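Given the structure is predicted, the values throughout are model-derived calculations rather than measurements.
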Amino acid sequence: QVQLAESGGGSVQTGGSLRLSCAASGLTYTSYCMGWFRQAPGKEREGVAVFNTGGSSFYYADSVKGRFTISRDNAKNTLHLQMNSLKPEDTAMYYCAARPWGCGLVGWARGHEYNYWGQGTQVTVSS
């Protein structure tokens, strides 16, 4: 059984930083895609960043490129999202998600294609 558990959310001011973590268990696939999505009140869920284990590649939403960095701790089977230069528009519930096949430049942000989801962690950025 796959379980994803997020941590690290909180409240910061504009320009601040936060680091989210997603501890995964039960992911025994050779290749899978794992990453972060977010949803703000009244808005659709959007892909933030994902890591493709098959090719060790990363994909980011244009809105976070240059500010967010996704990384993986293989030993702990944990995925991190370092968020710098945070803006009020980054305020959202952030979810860790995974699926048992890889992802590429096209389609990585299609949330409905992900099988496993964490409970979410709130990120609030005040101006």
Side-chain angles (χ1 to χ4, degrees):
Q1 184 180 359
V2 175
Q3 291 186 326
L4 305 175
E6 305 98 333
S7 61
S11 297
V12 295
Q13 293 188 327
T14 298
S17 298
L18 284 173
R19 188 188 194 211
L20 305 184
S21 297
C22 176
S25 61
L27 278 172
T28 59
Y29 311 102
T30 301
S31 176
Y32 57 89
C33 186
M34 184 173 173
W36 296 92
F37 288 73
R38 67 186 181 185
Q39 188 166 21
K43 294 188 177 180
E44 293 188 355
R45 180 177 57 196
E46 63 172 341
V48 176
V50 297
F51 170 64
N52 180 37
T53 66
S56 294
S57 50
F58 303 89
Y59 302 98
Y60 295 90
D62 288 342
S63 59
V64 306
K65 281 181 181 176
R67 300 188 299 122
F68 291 11
T69 303
I70 194 170
S71 62
R72 181 187 179 200
D73 184 336
N74 290 336
K76 297 181 179 180
N77 212 14
T78 299
L79 198 69
H80 301 289
L81 183 69
Q82 179 66 43
M83 305 186 295
N84 298 327
S85 301
L86 282 162
K87 305 175 182 179
E89 50 263 44
D90 294 316
T91 295
M93 184 70 79
Y94 283 70
Y95 297 91
C96 181
R99 69 188 194 192
W101 66 89
C103 46
L105 184 60
V106 177
W108 66 264
R110 295 172 185 156
H112 64 275
E113 295 183 0
Y114 288 74
N115 304 67
Y116 311 109
W117 293 84
Q119 293 299 309
T121 185
Q122 179 67 38
V123 171
T124 302
V125 185
S126 58
S127 57

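- Between C33 atom SG and R99 atom CZ the span is 5.0 Å, to the nearest 0.5 Å.
- The closest side-chain heavy-atom distance from Q13 to L86 is not below 4.5 Å.
- Here the side chains of Y116 and P100 are in contact, with some heavy-atom distance below 4.5 Å.
- Side-chain contact between W36 and L79 is present, with at least one heavy-atom pair separated by less than 4.5 Å.
- No donor-acceptor pair under 3.5 Å is formed between the side chain of Y60 and the backbone N or O of R67.
- The shortest side-chain heavy-atom distance between T121 and L20 falls under the 4.5 Å cut-off.
- Note that CZ of R72 is 11.5 Å distant from SG of C22, once rounded to the nearest 0.5 Å.
- Using a distance-only test at 3.5 Å, with no hydrogens or angles considered, a donor-acceptor pair links the side chain of T91 to the main chain of V125.
- One finds the CZ atom of R19 at 11.0 Å from the CG atom of N84 (value rounded to the nearest 0.5 Å).
- Of the possible polar contacts, none joining the T14 side chain to the K87 backbone as a donor-acceptor pair under 3.5 Å is found.
- In this structure, P88 and S127 approach most closely via the heavy-atom pair CG-CB, 4.0 Å.
- The heavy-atom pair separating M34 from A24 by the smallest distance is CE-CB, 3.6 Å.
- Between Q1 and Q3 there is a side-chain heavy-atom pair separated by less than 4.5 Å.
- Evaluation of the side-chain hydrogen bond (donor to acceptor under 3.5 Å, both in side chains) test over residues 40-53, restricted to residues two or more places apart or in two chains, returns R38-E46.
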May I have the step-by-step check of side chain to side chain contact (heavy atoms under 4.5 Å, CB included) for L81 and F51, ending in yes or no? CA-CA 11 Å; L81 183 69; F51 170 64; over 6 Å; no
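- Closest of all the heavy-atom pairs between S17 and V12 is O-CG1, 3.8 Å.
- Rounding to the nearest 0.5 angstrom, the gap separating the CZ atom in R110 from the SG atom in C103 is 11.5 Å.
- M83 is not listed as a side-chain neighbour of V48, based on a closest heavy-atom distance of 4.5 Å or more.
- Nearest heavy-atom pair across G47 and A109 is CA-CB, 4.1 Å.
- Nearest heavy-atom pair across L18 and G10 is CD1-O, 3.8 Å.
- Closest approach of A98 and L27 over heavy atoms only: CB-CD1, 4.2 Å.
- The backbone N or O of Q119 lies less than 3.5 Å from a partner atom in the side chain of E6, making a donor-acceptor pair.
- The other members of the hydrophobic cluster of Y114, by chain and number, are F37, V50, Y59, M93, Y95, L105, W108, W117 (side-chain heavy atoms under 4.5 Å, ILVMFWY only).
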